[in-house]
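Throughout, residue positions are numbered sequentially from 1 according to the sequence presented. One-based numbering, in listed order, for ligands and for the atoms of each.
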Amino acid sequence: MTSGADWRTRVGDAWAAEWRRTDRSFVALDPTLLTAALSALGEGARVLDIGCGAGATSLAIAAARPDVEVTGVDLSAALVDAARSRAEGRADFRVADAAALSDDVRYDRLVSRHGVMFFDDPVAAFLALRRVTMPGGRIVFSCFRERALNGWATEPAAALGIEAGAADGQAGGPGPFAFARRDEVERLLTAAGWGDVRAGPVDYEYVAGDGPDAVGEAVALLRRIGPVARTIADSPHGAKRDLIERLAALCAARRFEGRVVFPAAAWIWTARNSEEPQ
Ligand SMILES: C[S@@+](CC[C@H](N)C(=O)[O-])C[C@H]1O[C@@H](n2cnc3c(N)ncnc32)[C@H](O)[C@@H]1O
């Protein structure tokens with residue numbers, strides 16, 4: 001389970017320190033998500049990036065469509081600082097709970113790269129998000145499919161002997177796999193009043209490391225981000241060294257043509273705010 005409190009502190013701080021590496025892990029998913037996010041986006045549209053993190057998706061949209069106005073919101077002040085540091089005025093970033101935004105401003109398109117699986121009450125959150133969406137506006141987001149299809153999570157946990165799912169929310173509650181079940185996500189979007197709800201599966205390569213020290217890069221990412229990070233951080237010195245060596249051996253076995261790559265599986269969801277224009 002990863003709660004909002006975790007994102008505001010420990011987990012958000014780790015992502016803010018590692019944003020270049022976490023961005024790299026999504027490079028093979030980004031084109032598909034971006035195509036869906038930009039599809040039929042009107043001239044001058046207002047776009048909201050939910051759980052924007054260090055801002056990669058916001059900035060990619062702003063680069064592809066300089067006519068649109070992009071705002072990113074995130075719980076983590078450290079991540080919003082990171083986003084602002086690379087924005088160069090191309091998008092606005094704010095510290096805010098996406099489930100509690102004022103509906104004074106309404107957006108034509110809501111997007112999120114893996115930023116919507118952490119709400120305590122997802123139906124209430126998606127209802128609140130619909131209320132900040134223009135009638136006829138769309139939401140487009142990615143999230144992970146089942147844990148078993150996501151080797152970036154299962155393989156490091158198995159290599160380190162950590163119980164499957166113990167650290168990542170599989171058991172229920174907010175977390176990276178909270179939206180793995182298609183029927184469950186469809187139910188909660190529909191319950192929140194979203195219409196035209198659709199999901200498509202995407203299998204992609206989770207690039208943990210590349211470059212001259214691809215294994216070192218992958219270890220640097222996985223020891224701080226994901227299901228084994230907490231165990232490594234909490235281990236005493238000698239045990240920590242052993243865990244990191246085991247992680248390095250796994251990453252070396254996963255190195256191929258200069259990159260360390262694990263299997264990953266996501267959904268891309270789209271839905272429409274079918275509320276009639278007033
Ligand atoms: C897995 S990270 C993804 C970050 C970013 N979208 C990316 O792709 O790099 C999830 C993000 O959602 C944010 N988040 C979680 N719950 C949130 C909420 N209720 N409101 C705003 N942001 C939230 C976290 O702080 C975190 O930055």
Exercise for the section: Could you tell me whether His114 and Phe26 have their ring centroids closer than 6.0 angstrom? Expected result: yes
Practice task
Compute the ring centroids of Phe262 and Trp152, then answer whether they are less than 6.0 Å apart.
Solution key: no
For ligand 1, list all ligand N or O to protein N or O distances below 3.5 Å, rounded to 0.1 Å.
residue  : atom   : partner : partner atom : Å
ligand 1 : 6 (N)  : Gly51   : O            : 2.7
ligand 1 : 6 (N)  : Arg113  : O            : 2.8
ligand 1 : 8 (O)  : Arg113  : O            : 3.1
ligand 1 : 8 (O)  : Arg113  : NE           : 2.5
ligand 1 : 8 (O)  : Arg113  : NH2          : 3.2
ligand 1 : 9 (O)  : Arg113  : NH2          : 3.0
ligand 1 : 19 (N) : Asp97   : OD1          : 2.8
ligand 1 : 20 (N) : Ala98   : N            : 2.8
ligand 1 : 22 (N) : Leu75   : N            : 3.3
ligand 1 : 25 (O) : Asp74   : OD1          : 2.6
ligand 1 : 27 (O) : Asp74   : OD1          : 3.3
ligand 1 : 27 (O) : Asp74   : OD2          : 2.6

Handout entry: Polar side-chain atom of Ser235 near backbone of Thr231 as donor-acceptor pair, under 3.5 Å
Key = yes
Exercise for the section: Verify the ring-centre separation between Phe126 and Trp194: is it less than 6.0 angstrom? Expected result: no
Exercise for the section: Give a yes or no on whether a salt bridge exists between Asp6 and Arg230, defined as a side-chain N under 4.0 angstrom from a carboxylate O. Expected result: no
Problem - Side-chain donor or acceptor of Asp49 paired with backbone N/O of Ser58 under 3.5 Å - result: yes
